[in-house]
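Worksheet for the structure shown next.
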Amino acid sequence: MMRWLSRMRAGLFVYALLSSSGSFAQAIVHTETGDVLGNVEQDAEAFKGIPYAQPPIGPLRWRDPVPATRWSGVRDGTRAGDSCIQTPSKPFGPFGSEFLVSGPTSEDCLYLNVWRPRHRSDPLPVYVFVHGGAFANGSSAVPIYDGAGLARQGVIVVTINYRVGVFGFLAHPQLTRESEFNSSGNYGLLDQIEALRWVRANIAAFGGDPENVTIAGQSAGGLSVNNLLTSPEAKGLFKRAVAESGTAMGIHMLPLREAEARGAAFAQKLGAASIDQLRAIPADVIQAAVPTLSLAEMTKPPVALPFAPVVDGTIIPAEPEDVDHPVTGAVPLLTGYNSDDYILMGVRRTPAAFAAHVRDRYGSFADRILALYPHATDHEAAESSRTLSRDEYMTSMILFARKRERGGQPVYLYLFDYKYLNAAGQDFGAFHTAEVPFIFGALDKGGRSPSENDRRVTAELQSRWLAFIRSGDPSAAAAPWPRASERSLIVMGLGTSNAPRPGVSSQQRFDVLRDFAASGGTLAFM
């Protein structure tokens, strides 16, 4: 308690007026590595671009993160740091500028951002968010991750960068020999763990409670959360977990030896006979050599991403989907999907296309599935394509949750179904990532003007998330949210209606997909 109080005293901010009118103010927080200057933004204070580890450049490329060193003076925390190096993204489908990385990228990217309410009663719970991006791109500076809207509700929000792609997840035999873990390929995950260690050491200075941390993420960030739940290195660094569109996805994680072989082949492709030679190659040359998956490869599970976390037996003892391997503690988990998560993978819009897909995808189970999903007309085929995709990833998640519950982990499931309209008014349904701006209260990004319904959904989702962040039970703020159970298909409906609902469209459909999985088939969100 005395240590916490001393940090709180050190964290008392001072204001400096930057305009003669006094309408714009800044705040200073004293962290263990130095003072940080942040902005006051509509009753929230933002501290951006704080280094939590040393730049992973030169000899530190493909090494475990090294804690940040102390700086002198006051660090400017009014702008986000560089995003980690990646292939630039352009707007596509439902993803406008508010969902994408802009600004500079570099290898010097291990920064985080902190938001806190300006008027608060400390200590506050802490929400640490891990961005998505298929482990290949993404950034804490993406506009929809602006934490001010959620922080104003009475929580400390932290968003983090971590190394992505080849710089975050290259495995190689020589790198394994260098590592104290006798491992390689999990640098991005180790970055996340180092950021959590920074939070534990410094968040009290911002008014946060280091004993009340919720780790959250979406897509690859949700996969990361499930990896952190199984990692001994992350044990004790967080109390609760949220995985949005990132549980039981059917993404195949490579074992270390296979990942090492891939990494060695990649180095050979670049003409590097040693890791020292590979470290000497400019980052942009390495990035340009990274392979990309085709849509066909992405829709044929199990999917193995080019560079992603590796099952090394130490940092990640087993795949999170290996539910027979215990998590490192009974950490409550809130997890779910969106009703149109599949939309980027395509809809089979004719009877012939739907039937061909089902026969190719489900083999000996195809006849049972075709009998349960009408497809006599183009309309029926398109609707059944959507419903089958949704039923598949929801079945996978429900089976995952049942086994986790048997092991003593409380699990709360949801299906989000509210349509996010882009700035042009286009409707892509409740697509992959659509829930994120509602949870963050960041619906005004990318030129959007939130509707009253948008604000209603934001208030509902934030109340649920805040209840879970504070207590570990999302029922605390409103109607009961049932835990996952052995015999029930019920999940929480969020968005259009906010009440328990079946997660799969029928028991018969769940049964055949369960049987397919039991036979060795892979259920996936694709």
Side-chain angles (χ1 to χ4, degrees), residues 244-250 299 301 335-351 353-403 405 411-419 427-432 434-435 481-519 521-526:
E244 303 163 33
S245 300
T247 293
M249 296 178 75
T299 55
T335 187
Y337 280 96
N338 297 350
S339 60
D340 300 297
D341 250 315
Y342 57 83
I343 197 167
L344 297 180
M345 302 302 131
V347 174
R348 283 78 187 176
R349 298 184 181 278
T350 68
F354 179 72
H357 166 70
V358 170
R359 294 198 182 281
D360 179 59
R361 173 82 177 85
Y362 299 99
S364 62
F365 289 82
D367 287 340
R368 287 177 63 188
I369 289 173
L370 289 170
L372 290 170
Y373 291 87
H375 56 286
T377 67
D378 288 358
H379 176 73
E380 284 185 348
E383 287 302 306
S384 286
S385 180
R386 296 184 180 96
T387 304
L388 174 57
S389 293
R390 184 185 310 130
D391 285 349
E392 182 171 337
Y393 56 70
M394 292 300 290
T395 295
S396 182
M397 183 182 66
I398 288 169
L399 292 173
F400 173 97
R402 286 179 176 183
K403 287 198 173 182
E405 281 274 358
V411 183
Y412 298 89
L413 305 179
Y414 70 84
L415 180 63
F416 175 77
D417 65 356
Y418 186 77
K419 297 176 179 180
D427 177 7
F428 292 92
F431 59 87
H432 192 63
E435 84 290 357
W481 182 324
R483 277 174 56 167
S485 67
E486 183 64 34
R487 298 186 178 277
S488 176
L489 299 183
I490 296 298
V491 304
M492 193 68 185
L494 295 175
T496 303
S497 62
N498 296 288
R501 54 162 291 174
V504 180
S505 56
S506 78
Q507 183 68 50
Q508 283 181 301
R509 291 170 173 179
F510 173 83
D511 290 345
V512 67
L513 291 169
R514 177 203 59 204
D515 293 347
F516 170 71
S519 75
T522 299
L523 298 175
F525 92 112
M526 289 92 170

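Sequence positions, counted from 1, serve as the residue numbers for this chain.
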Rounded to the nearest 0.5 Å, what separation is found between the [atom1] atom of [X] and the [atom2] atom of [Y]?
X: H357; Y: R361; atom1: NE2; atom2: CZ; value: 6.5 Å
X: L513; Y: I369; atom1: CG; atom2: CD1; value: 5.5 Å
X: L494; Y: E435; atom1: CG; atom2: CD; value: 10.0 Å
X: Q507; Y: R514; atom1: CD; atom2: CZ; value: 7.0 Å
X: L413; Y: W481; atom1: CG; atom2: CH2; value: 8.5 Å
X: F516; Y: R368; atom1: CZ; atom2: CZ; value: 11.5 Å

Look at the side chain of [X] and the backbone N and O of [Y], then say whether any donor-acceptor pair between them is shorter than 3.5 Å.
X: D391; Y: V504; result: no
X: S389; Y: S385; result: yes
X: S245; Y: H432; result: no
X: N498; Y: G495; result: yes

Give me the atom names and distance for the closest heavy-atom approach of [X] to [Y].
X: S505; Y: T387; value: OG-CG2, 3.6 Å
X: M492; Y: R501; value: C-CG, 4.4 Å
X: T522; Y: E392; value: O-OE2, 3.6 Å
X: L489; Y: S506; value: CD1-O, 4.3 Å
X: A524; Y: G250; value: CB-CA, 4.1 Å
X: I490; Y: P482; value: CG2-CG, 4.0 Å

Do [X] and [Y] have side chains that approach each other closer than 4.5 Å (heavy atoms only, starting at C-beta)?
X: V358; Y: R348; value: no
X: V491; Y: Y414; value: no
X: S339; Y: R390; value: yes
X: D340; Y: F428; value: no
X: T247; Y: V411; value: no

query: Parallel, tilted or perpendicular: which fits the ring planes of Y393 and Y337, with parallel below 30° and perpendicular above 60°?
result: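 Rings of Y393 and Y337: tilted, as their planes differ by 30° to 60°.
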
- prompt: Using 30° and 60° as the class limits, which term best fits the ring planes of F354 and H375: parallel, tilted or perpendicular?
  reply: tilted

task: Tell me, please, whether Y373 has R509 positioned over its six-membered ring: NZ or CZ under 6.0 Å from the ring centre and within 45 degrees of its axis?
output: yes

- request: Count the heavy atoms of every other residue, nucleotide or ligand shown that sit under 6.0 Å from CD of Q508, and state whether that count exceeds 12.
  value: no

- request: Could you walk me through whether L523 and M249 pass side-chain contact (heavy atoms from CB on, under 4.5 Å), step by step?
  value: CA-CA 7 Å; L523 298 175; M249 296 178 75; over 6 Å; no

task: Could you tell me which residues satisfy ring-ring contact (aromatic ring centres under 6.0 Å, His included) with F510, sequence neighbours excluded, listed by chain and number?
output: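 For F510, no residue satisfies ring-ring contact (aromatic ring centres under 6.0 Å, His included) once neighbours in sequence are set aside.
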
- prompt: Charged N to carboxylate O under 4.0 angstrom, E383 versus R386?
  reply: yes

query: Would R349 and D378 count as a side-chain contact (heavy atoms from CB on, under 4.5 Å) if you check the C-alpha gap in whole Å, the side-chain angles of each, and the deciding distance to 0.1 Å?
result: CA-CA 6 Å; R349 298 184 181 278; D378 288 358; 5.8 Å; no

